[in-house]
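Only one structure is covered here, and it is reproduced in the block below.
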Protein chains: 2
Amino acid sequence: MTTGFDTYIRSRISLDDAAIEQIVSAAKAISLQRNETLLQQGQICRHKVFIVKGLLRIYGIGADGSEHILHFAPENNWAVDPQSYHQQSPSQFTIATVERSEVLLWAKPDFDRLLQEIPELNMLSGQLVASSHFNNRQRLFTTLSSTPEEKYEDFVRSYPDLLARLPLHMIAAYLGISLKTLTRLRHAQVRR
Amino acid sequence: MTTGFDTYIRSRISLDDAAIEQIVSAAKAISLQRNETLLQQGQICRHKVFIVKGLLRIYGIGADGSEHILHFAPENNWAVDPQSYHQQSPSQFTIATVERSEVLLWAKPDFDRLLQEIPELNMLSGQLVASSHFNNRQRLFTTLSSTPEEKYEDFVRSYPDLLARLPLHMIAAYLGISLKTLTRLRHAQVRR
DNA sequence: GGAAAATGTGGTCATTTGACCATAATTCAA
DNA sequence: TTGAATTATGGTCAAATGACCACATTTTCC
């Protein structure tokens, strides 16, 4: 069965069919409902998660109980809390679905074994760490320096595809502004 | 001569004296005035910089021309724009001193050669990438979720030593609030 | 298909924040 | 040491934002 994972992995590292089969068969495939939690804040991130289909979000809870989203992870991406995963320490963040999703899970011991047996797999981790998606520097700068309107425009430019799949309140939780402010500035833009 | 760099490097990787001497002699030692620019936004980050003494800041310029600080780098830390350095592409950020500082510089080709000749050096890069100082996730979350007052308290808790060395307007530029707001909340805290 | 939940928009109001300006205090550098 | 630059604080005001609420619409899921 082709899961999309095959395509993903072949496009980044060259492996023979046997190796890929080995990797895939070490994973557990899971179907998730909308708004289902995969990793609860305070728990240890014990799996690597690859999103075959659907959309996940990684968020933290503020002091006032509100949700602040750090990442969206759509299909053909990974969702982990790297710190919690690598140190097997409690995570400060929660990972949950936005839509119904299909994911592949590798328990850490299993994935570690794969890394030993298929050294090329290490390339992936390196790429991931270096990738902008896991480097929040640019995002931090935008958050520090931009007005709500600029943040929104930036988001639309960066993730036009996500725009249609996300309720507005999640976009607001991602941008760090209130739903009210987001509605307001969208309305203002229409007029121009 | 002991520069503090010796101590730093010995505490993370074990190298013999010859190797350390080789590393140090590949560096150029520089003294910098207060508020002197090492890397200008738009330029390519051609060096690795180690701060022996003093304090640097890494910042970006917002659309309105204001300064937004991503990091402070005090003695015994590195200051680079990783992206610009590794890809030798123009940096979006500026690196400048806060105080008079003494730094060690390695031109990228020289450092690359060192990495080949002294493989243990690679460990350092790995540690750096993994270190919280270069992982902006926690910082991003605080910026998204906290009030100005909470951000300031968080800063005081995290970097009590820097507090005395930084003008308030730079702390404001780091927290993403105005100098006015910072003064106000400090004054309010005194009253309690 | 239909009930229940989630979502988007609007109104109002209080509060927070920033912009601008002046001034005193402090620090810097020659 | 002294003049110049930087820094900290305060006043005032306008604008932006969030909190709270209601309501219409859409979507979800059994």
Side-chain angles (χ1 to χ4, degrees), chain A residues 31-37 53-55 57 59 61-69 72 96-101 143-153 155-156 162-191, chain B residues 31-37 54-55 57 59 62-69 72 96-101 143-153 155-156 162-191:
Chain A
S31 287
L32 297 162
Q33 296 297 328
R34 201 173 79 100
N35 229 344
E36 195 166 336
T37 297
K53 184 160 168 295
L55 177 58
R57 67 193 195 275
Y59 65 91
I61 309 289
D64 61 347
S66 60
E67 186 175 315
H68 299 274
I69 298 177
F72 293 112
T97 57
V98 175
E99 312 168 346
R100 292 188 179 206
S101 304
T143 304
L144 282 175
S145 68
S146 302
T147 63
E149 179 157 6
E150 288 164 346
K151 289 178 194 176
Y152 177 67
E153 286 169 354
F155 180 82
V156 173
L162 290 186
L163 199 58
R165 298 165 71 179
L166 291 168
L168 287 189
H169 69 87
M170 286 195 192
I171 298 180
Y174 179 88
L175 299 180
I177 63 182
S178 74
L179 172 59
K180 185 72 198 260
T181 302
L182 181 55
T183 318
R184 275 201 274 239
L185 70 86
R186 291 178 102 220
H187 186 69
Q189 287 185 333
V190 173
R191 310 220 156 187
Chain B
S31 287
L32 296 163
Q33 296 296 329
R34 199 172 81 100
N35 230 344
E36 196 166 333
T37 297
L55 177 57
R57 67 192 195 277
Y59 64 91
D64 61 348
S66 60
E67 185 175 316
H68 298 273
I69 299 178
F72 293 112
T97 57
V98 175
E99 313 166 347
R100 291 187 178 207
S101 305
T143 303
L144 281 176
S145 69
S146 302
T147 64
E149 180 158 5
E150 288 163 347
K151 289 178 195 176
Y152 177 67
E153 286 169 354
F155 180 83
V156 173
L162 290 186
L163 199 57
R165 298 166 72 180
L166 290 168
L168 288 189
H169 69 86
M170 285 194 192
I171 298 180
Y174 179 87
L175 300 180
I177 64 183
S178 73
L179 172 58
K180 184 73 197 261
T181 303
L182 182 54
T183 318
R184 275 200 274 240
L185 70 86
R186 290 180 100 220
H187 186 70
Q189 287 186 332
V190 173
R191 312 219 155 190

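Remember, it's a predicted structure, so these values are computed and weren't measured experimentally. What's counted below: heavy atoms across the whole structure, side chains too, no hydrogens, waters or symmetry copies. Naming: A, B, ... by sequence-line order, numbering from 1 per chain.
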- request: Determine the contact category for A:L179: base if any of its heavy atoms lies under 4.0 Å from a base atom, sugar-phosphate if only primed atoms, P, OP1 or OP2 are that close, otherwise nothing.
  value: base
Figure out the [atom1]/[atom2] separation between [X] and [N], and round it to whole Å.
X: B:H68; N: C:dG18; atom1: NE2; atom2: P; answer: 11 Å
X: A:E99; N: C:dA6; atom1: CD; atom2: C1'; answer: 15 Å
X: B:E149; N: C:dT17; atom1: CD; atom2: C1'; answer: 14 Å
X: B:I171; N: D:dA8; atom1: CD1; atom2: C1'; answer: 12 Å
X: A:N35; N: D:dC29; atom1: CG; atom2: C1'; answer: 13 Å
X: B:L182; N: D:dT9; atom1: CG; atom2: C1'; answer: 11 Å
X: A:Q33; N: D:dC30; atom1: CD; atom2: C1'; answer: 12 Å
X: A:L163; N: C:dG8; atom1: CG; atom2: C1'; answer: 14 Å

Would you mind telling me which of [options] lies closest to the side-chain atoms of [X]?
X: A:T181; options: D:dA8, C:dT17, D:dT17; answer: D:dT17
X: A:H187; options: C:dT9, C:dG10, D:dT17; answer: C:dG10
X: A:R100; options: D:dT9, D:dC29, D:dG18; answer: D:dC29
X: A:P167; options: C:dG8, D:dG18, D:dT12; answer: C:dG8

- prompt: Would you say A:R100 has more than 12 foreign heavy atoms packed within less than 6.0 Å of its CZ?
  reply: no
Short side-chain N/O contact to [N] OP1/OP2 from [X], under 4.0 Å:
X: B:R34; N: C:dA29; answer: yes
X: A:H169; N: C:dG8; answer: no
X: A:R186; N: C:dG8; answer: no

Are any non-hydrogen side-chain atoms of [X] and [Y] less than 4.5 angstrom apart?
X: B:Y59; Y: A:L144; value: no
X: B:L168; Y: B:R186; value: yes
X: B:L162; Y: B:I171; value: no
X: B:R57; Y: B:N35; value: yes

task: Nearest-nucleotide wise, let me know which of A:L168 and B:S178 is further upstream toward the 5' end of DNA chain C.
output: A:L168
message: Once hydrogens and angles are ignored, does a donor-acceptor distance under 3.5 Å link the base of C:dG8 to the side chain of A:K180?
response: no
- prompt: Is the base of C:dG10 touched by the side chain of A:R184 through a donor-acceptor pair closer than 3.5 angstrom?
  reply: no
